[in-house]
Colleague: 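Before I ask anything, let me first share the structure, which is written out below as structure tokens.
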Amino acid sequence: MAQRLFGTNGVRGIINKDMNVQLALDLGKAIGTFMGGRVAIGNDSRTSATMIKSAVSSGLMCAGAEVLDLGLVPTPVVQHYVKSNGLAGGIMITASHNPPEFNGIKCVDSDGTEMPRSKEEEIERLYFTRSFLNKEWRDVGDLRQVSGAVPSYLASIKRLVDADAIRGAGLTVVLDCANGAGAVATPQLLEDLNVRAVTLNCNPQGSFPGHPSEPVESHLKDLIALVKDTGADMGIAHDGDADRTIFIDDRGRYMYGDKSLAIVAEAMVRENGGGTVVTPVSSSMAVEDVVRRAGGEVIYTRVGAPVVSRRMMEVDALFGGEENGGLIFPLHQYCRDAAMTVAKMLEIVARDGPLSMLVDAIPSYCQDKRKLVCPDERKERVLAALVRYYASQRVDTTDGVKICYDDGWTLVRPSGTEPLFRVYSEARTVEDARKRSEECEKVLDDLIG
Ligand code: MG
């Protein structure tokens with residue numbers, strides 16, 4: 001097997017351990033050799049951002065690429081800039097929701113989407129074989145600072161929502177940018193849309209002093225308290241590179257990403273009188289329930305945002321996304337788009353709100369998650385036997401094995417990095433979800449043994 005560098009979200013590591021300037025320089029050369037032409041680069045707020053970005057940029061220029069430095073911007077701003085300016089590609093220096101000691105290098109394809117695996121493999125081949133272009137003195141690239149990428153991203157978002165309805169609704173929100181890149185975009189968007197914003201952790205700071213940058217409930221206590229104290233219409237939280245958005249409703253309740261995914265999916269399908277919504281097999285059944293009642297259909301994919309984006313292009317989908325708050329709007333761009341998600345949710349609340357009412361109208365499901373040890377070499381055989389065991393039931397093998405019930409499912413996925421299966425179940429009650437997991441666990445135990 002070929003050596004691998006890129007994980008599911010680019011190349012990530014701890015600074016000056018597995019992520020260092022030598023790696024960044026060589027990877028920059030490999031990417032520059034692969035992409036050529038004009039390449040945009042941006043970064044989130046991490047302390048190592050300039051160090052890693054400079055090394056990657058040097059590598060790009062060595063291979064002859066022209067580097068357009070967008071500065072501190074959310075990931076979807078790089079993607080939007082690449083697509084709307086016809087660039088050869090883009091690079092984002094970020095480790096998204098990982099702790100501050102991490103950083104990462106993520107590639108953007110020329111169409112603004114996350115780079116498909118096949119192209120990453122080509123870059124890995126160039127990297128490991130050191131087949132870099134080392135241009136002659138007259139042909140090396142240059143670097144130019146570019147301003148205006150954020151305003152043009154926000155302008156294009158505002159064109160895609162009913163901005164007048166939002167402006168007229170007199171909404172108040174509390175915004176938590178986790179000291180990350182969202183701080184340079186979302187406050188401006190809210191101001192432009194005449195939304196009163198109380199801000200929290202909207203000073204970009206690489207040590208993430210406010211809270212860790214993954215927008216899970218335990219990190220958002222201050223945001224939740226402030227939503228209650230101010231009587232705001234919603235709370236908004238981004239991850240470190242602002243491609244994902246998590247909401248708090250007007251009653252101060254943390255909303256799991258599948259709720260916002262379902263609310264936006266239903267609204268979009270209704271507005272369009274039908275349409276296709278694409279989401280991974282691990283998403284809550286609530287999404288399918290509301291899309292169906294609105295007259296649309298759901299297509300399931302393997303887990304991972306790039307896979308969802310590609311499938312959305314193939315089926316000309318109306319909307320799609322993941323349950324972690326990564327929502328994708330094809331009319332804007334085929335990637336997770338945090339500020340677009342904010343604008344769309346504001347529009348929906350301005351028209352149909354309050355948000356708590358919309359949340360309560362989404363069918364409620366409970367999930368059970370567990371792990372089960374299984375040696376790597378047995379995984380495939382066990383999964384095949386599992387499909388045979390549940391032959392009388394509807395089984396989906398898009399990603400692992402998903403056993404479908406009328407009111408939920410059990411999903412068994414082999415871990416890519418550890419000798420274990422992840423078993424998820426969904427049902428109307430916690431007890432039923434647990435029962436489903438336990439039953440499947442027993443079957444798996446027998447098959448493994
Ligand atoms: Mg992210």
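In this text the structure is predicted, and so the values were computed from the model without any measurement. All ligand and atom numbering here is 1-based and tracks the order in the structure. The chain is numbered in sequence order, starting from 1.
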Colleague: With side chain to side chain donor-acceptor pair (under 3.5 Å) as the test, pick out the partner of Glu124 among Arg4, Lys119, Arg117.
Modeller: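 Of Arg4, Lys119, Arg117, side chain to side chain donor-acceptor pair (under 3.5 Å) with Glu124 is met by Arg117 alone.
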Colleague: Return the orientation label for the His80 and Tyr153 ring planes: parallel under 30°, perpendicular over 60°, tilted otherwise.
Modeller: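 Because their plane-to-plane angle is over 60°, the rings of His80 and Tyr153 count as perpendicular.
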Colleague: Looking at Thr341, Asp243, Thr186, which one forms a side chain to side chain donor-acceptor pair (under 3.5 Å) with His238?
Modeller: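 Checked Thr341, Asp243, Thr186 against His238; only one passes side chain to side chain donor-acceptor pair (under 3.5 Å): Thr186.
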Colleague: Between Glu426 and Lys402, does at least one N-O distance fall below 4.0 Å, as a salt bridge requires?
Modeller: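 No, Glu426 and Lys402 are not salt-bridged.
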Colleague: May I ask you to decide whether Asp109 forms a salt bridge with Arg310, counting only side-chain N to carboxylate O separations under 4.0 Å?
Modeller: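 Result for this pair is yes, salt bridge flagged.
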Colleague: What are the protein N/O/S atoms, named by residue and atom, that sit under 2.8 Å from the Mg ion (ligand 1)?
Modeller: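 The answer is Ser96 OG, Asp239 OD2, Asp241 OD1, Asp243 OD1.
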Colleague: Determine, for Asp337 against Arg244, whether the closest basic-nitrogen to carboxylate-oxygen distance falls under 4.0 angstrom.
Modeller: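 Result for this pair is no, no salt bridge flagged.
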